[in-house]
Amino acid sequence: MSERRRAEAADDEGVRASGPGRTVDEAGAADAEAHGGLHGEPGAEVPAEGAGEARRAAYDTVEEAVRKQLSKALGGPRGVVEAAIPTIGFTVSWIVSHELKASLILGAGLAVVLLAVRLVQRSTVQFVLNSVFGIAIAAFFALRSGKAADAFLPGILYNAGYAAAMLLSIVVRWPVVGFLIGSVTGDPTAWHRDRDTVRLCSRLTWLLLIPCLVRVAVQYPLYLAGHVGWLGAAKVVMGWPLQVAALAAMVWLLARGRTPMETATGASES
């Protein structure tokens with residue numbers, strides 16, 4: 001058979017495979033859909049661009065995206081309680097007994113119980129693990145020095161470092177809250193090309209930064225004075241309650257604005 005005849009025969013087979021009124025590409029798309037390739041069935045792969053579009057479609061405004069991502073990041077009311085219980089247990093035990101090891105064991109035991117409950121319920125352990133690691137680091141510092149106040153030193157250092165990092169991000173005009181938008185849009189830096197979005201994210205980052213500064217300003221003098229009871233009370237009161245107050249201010253700020261999501265993504269798509 002000549003080369004021309006073989007080419008014509010191949011064309012005829014392609015037309016028959018596609019069916020009447022369909023091109024070969026359309027037939028391939030239909031086959032992919034029939035096998036779940038376009039519906040996210042197990043084993044199917046969704047292009048990165050499609051995933052980004054799907055995430056963007058879930059939010060109409062930048063403010064809505066930030067609200068949702070902050071809620072996910074903080075773990076809701078249960079995450080708040082799980083973060084506070086080990087600290088409360090350690091502090092109360094120390095005030096009553098002044099036994100460092102026993103107090104640390106109680107705090108660690110409460111964290112492990114919370115973790116076990118999560119595992120039994122087959123729910124996410126992300127937030128309770130924060131408590132487990134937190135009490136473990138606190139125990140390391142306290143047992144190393146033999147001073148109960150040193151159990152609170154890691155938290156003070158963490159807040160100081162976090163505040164410094166957020167302040168630097170604002171100064172260089174890459175506020176950390178902006179990356180929450182990037183996690184939604186699928187492009188981690190597109191939001192930075194819009195001045196209004198950068199300004200909004202800087203204000204929101206300030207609202208996250210201020211609680212960290214307040215904690216350091218109050219707790220560090222208490223640490224130097226060795227007031228363990230007051231340190232424990234300050235850590236609980238200035239932990240999630242202060243964070244919730246900051247988030248309330250963020251929600252108020254976000255509720256006032258209506259920055260279209262396209263503003264944070266359009267620069268990268270144009």
Side-chain angles (χ1 to χ4, degrees), residues 52 55-56 59-75 79-80 83 126-127 130 133-134 137 141 152-224 231 234-235 237-270:
R55 285 191 292 267
R56 285 195 291 272
Y59 307 104
D60 295 324
T61 65
V62 169
E63 288 80 6
E64 182 184 2
V66 174
R67 281 199 304 270
K68 296 294 184 182
Q69 291 300 98
L70 285 173
S71 177
K72 287 168 57 180
L74 296 173
V80 172
Q126 173 186 352
F127 304 104
N130 292 338
F133 289 133
I137 295 172
F141 274 73
F152 299 92
L153 182 58
I156 296 172
L157 295 176
Y158 170 83
N159 277 280
Y162 200 45
M166 286 192 290
L167 180 60
L168 178 62
S169 76
I170 294 171
V171 171
V172 300
R173 294 188 57 78
W174 281 91
V176 295
V177 173
F179 294 99
L180 293 178
I181 299 172
S183 68
V184 172
T185 62
D187 187 333
T189 60
W191 58 272
H192 188 258
R193 301 185 182 98
D194 181 75
R195 289 184 179 180
D196 290 337
T197 302
V198 173
R199 189 179 300 113
L200 169 66
C201 292
S202 294
R203 292 173 180 172
L204 293 172
T205 302
W206 271 112
L207 291 175
L208 287 179
L209 187 158
I210 290 173
C212 295
L213 290 178
V214 172
R215 291 185 192 112
V216 174
V218 173
Q219 293 177 26
Y220 188 61
L222 292 174
Y223 165 76
L224 293 177
L231 267 173
K235 183 169 183 178
V237 172
M238 304 183 72
W240 285 110
L242 186 59
Q243 198 69 31
V244 168
L247 291 175
M250 295 176 75
V251 169
W252 175 79
L253 179 62
L254 290 168
R256 298 176 62 207
R258 299 287 298 175
T259 308
M261 181 58 77
E262 291 79 4
T263 301
T265 61
S268 65
E269 295 170 354
S270 59

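Basis for what follows: all heavy atoms, side chains included, without hydrogens, waters or symmetry-related copies.
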Return yes if some donor-acceptor pair links the side-chain N/O of Arg215 with the main-chain N/O of Met238 below 3.5 Å, else return no. yes
What orientation do Phe179 and Trp191 show, parallel under 30°, tilted 30 to 60°, or perpendicular over 60°? perpendicular
If you measure from CH2 on Trp206 to CD1 on Ile170, what distance do you get to the nearest 0.5 Å? 5.0 Å
Taking all non-hydrogen atoms of both residues, which atom of Val172 and which atom of Ser169 are closest, and how far apart? CG2-O, 3.5 Å
Distance check, rounded to the nearest 0.5 Å: Phe152 atom CZ versus Gln219 atom CD? 8.5 Å
Find the distance between CG (Leu153) and OH (Tyr220) and round it off to the nearest 0.5 Å. 8.0 Å
Leu167 versus Leu209, closest heavy-atom pair with distance: N-CD1, 3.3 Å
Closest non-hydrogen atom pair, Gly178 against Cys201: CA-SG, 3.5 Å
Of all heavy-atom pairs linking Met166 and Cys212, the shortest is CE-SG, 4.0 Å
Taken to the nearest 0.5 Å, the spacing of Leu222 CG from Ile156 CD1 works out to 8.0 Å
